[in-house]
K.L.:
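There's a structure below that I have some questions on.
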Amino acid sequence: MRGAGLAVHFDPIGNIIGRLEGTDPNAPAVITGSHLDTVPEGGGYDGAVGVVAGLAAIKFLQSSGTLTHPLELIIFAAEESSRFGFMTIGSKAMTGMASRYAWSKAKDPAGVTLEKVLRDRGYNLREVDGASRVKDKIKAFVELHIEQGSFLENAEKKIGVVETIAAPTMLKITVEGVAKHAGSTPMDDRHDALVSAAMIVLAVQSIALEQSHCGTVATVGQLKVSPGAMNVIPGLVELWVDLRGVEQESIIETLQDIKDAVSTIADGQETPIAIDVMLSEKPVQMHEMVVQKIEDICISDKIPYQRMNSGAGHDAMNMARLTPTGMIFIPCRGGISHNFEEFTKLADIQTGIEVLTKTLYDLAK
Ligand SMILES: [Zn+2]
């Protein structure tokens, strides 16, 4: 970024901000950006391609004349939740949504606290509020990202113009059974927590299937069985449900149906079950002004595009609370992401960069 002539600084949560001034020193900034962190065994495109594309776009715009508005490229800190269990930490801090108390309890799987990681890098968790930005100083935010699904590839489209980002709801369900000897306990005298948990997994699947016409999805991706021995009836199971959708009503209905199913299973199996709603966010609309600009560029350049929703969360969903926001999706092979196999053709990245460049130009000229 420095090489491209941007003034670079780190904000109090570790977001990296590169800025190119425009002709009007008081004009609000047009911002692009994404993240460089990834998940264990993740690929090289999720996030990174948006950062590289943003830099390419700004370099091009800089070489072709001065714009009225300043341009910024932001590399958001800790977008993925895989290390500390909190997603989009950098953009949350930037948009005034820092959860300082919850973050102060966060630890990675090795037991290292987020607080320590920040401290070792010269930051202080108590000062993260200083990362929040003022609305008036920002005109718009545009993020380019791989789709992380196979919709564009299957539809043979090159650009996805995002309208809504699905909201995640995360549940922790704890099933209490009675741990007993697997050999000496008759089948009719058992309170097997894993059997109840298995019923919950199936219930979550069938409830989400019923709501799938609304774009709602639900997944049980993690189970912790205690004591976890082959010859002991499971006495305690914790499972985590990831529920997402773009229609708030469908999300609420799905959540209610899951709660009802869980209480039926708890009664039927005589295994008490507790549900903890760990996270519940609302779907986020992209701003029609930005959406329309991206769409107009695709139309005038004859690029096959599709308006669509994002099932995955992005920094853009936080930025949308601060400023008119849009997202440009590019295809990713086989819809595979969060995997070494993640891949996007250079030609598709190039198309994305062109659309991003023109969108930024249009907003900043
Ligand atoms: Zn990402």
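Here the structure is a predicted model, which is why all the values come from computation and not from measurement. Residues: numbered from 1 along the sequence shown. Counting convention: from 1, in listed order, for ligands and their atoms alike.
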K.L.:
For the CZ atom of R119 and the CZ atom of R121, what is their distance to the nearest 0.5 Å?
P.N.:
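Here the interatomic distance stands at 12.0 Å.
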K.L.:
When you check the space around the Zn ion (ligand 1), which protein N, O or S atoms turn up under 2.8 Å?
P.N.:
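Atoms qualifying: H35 NE2, D46 OD1, H145 NE2.
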K.L.:
Apart from F141 itself, what residues make up its hydrophobic cluster, given side-chain heavy atom links below 4.5 Å?
P.N.:
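Listed partners: I17, I31, I74, F76, M94, I138, M319, L322.
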K.L.:
Are T216 and S250 close enough, and set up right, to give a side-chain hydrogen bond (donor to acceptor under 3.5 Å, both in side chains), and what steps lead you there?
P.N.:
CA-CA 7 Å; T216 302; S250 166; 2.5 Å; yes
K.L.:
Under the rule for side chain to side chain contact (heavy atoms under 4.5 Å, CB included), what residues qualify as partners of Q285, not counting sequence neighbours?
P.N.:
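Here the qualifying residues are T164.
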K.L.:
Have H145 and D46 got a donor and an acceptor in their side chains that come within less than 3.5 Å?
P.N.:
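Distance-only check passes for H145 and D46.
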K.L.:
Quick one: side chain to side chain contact (heavy atoms under 4.5 Å, CB included) partners of S280, sequence neighbours excluded?
P.N.:
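Side chain to side chain contact (heavy atoms under 4.5 Å, CB included) check on S280 returns T169, V277.
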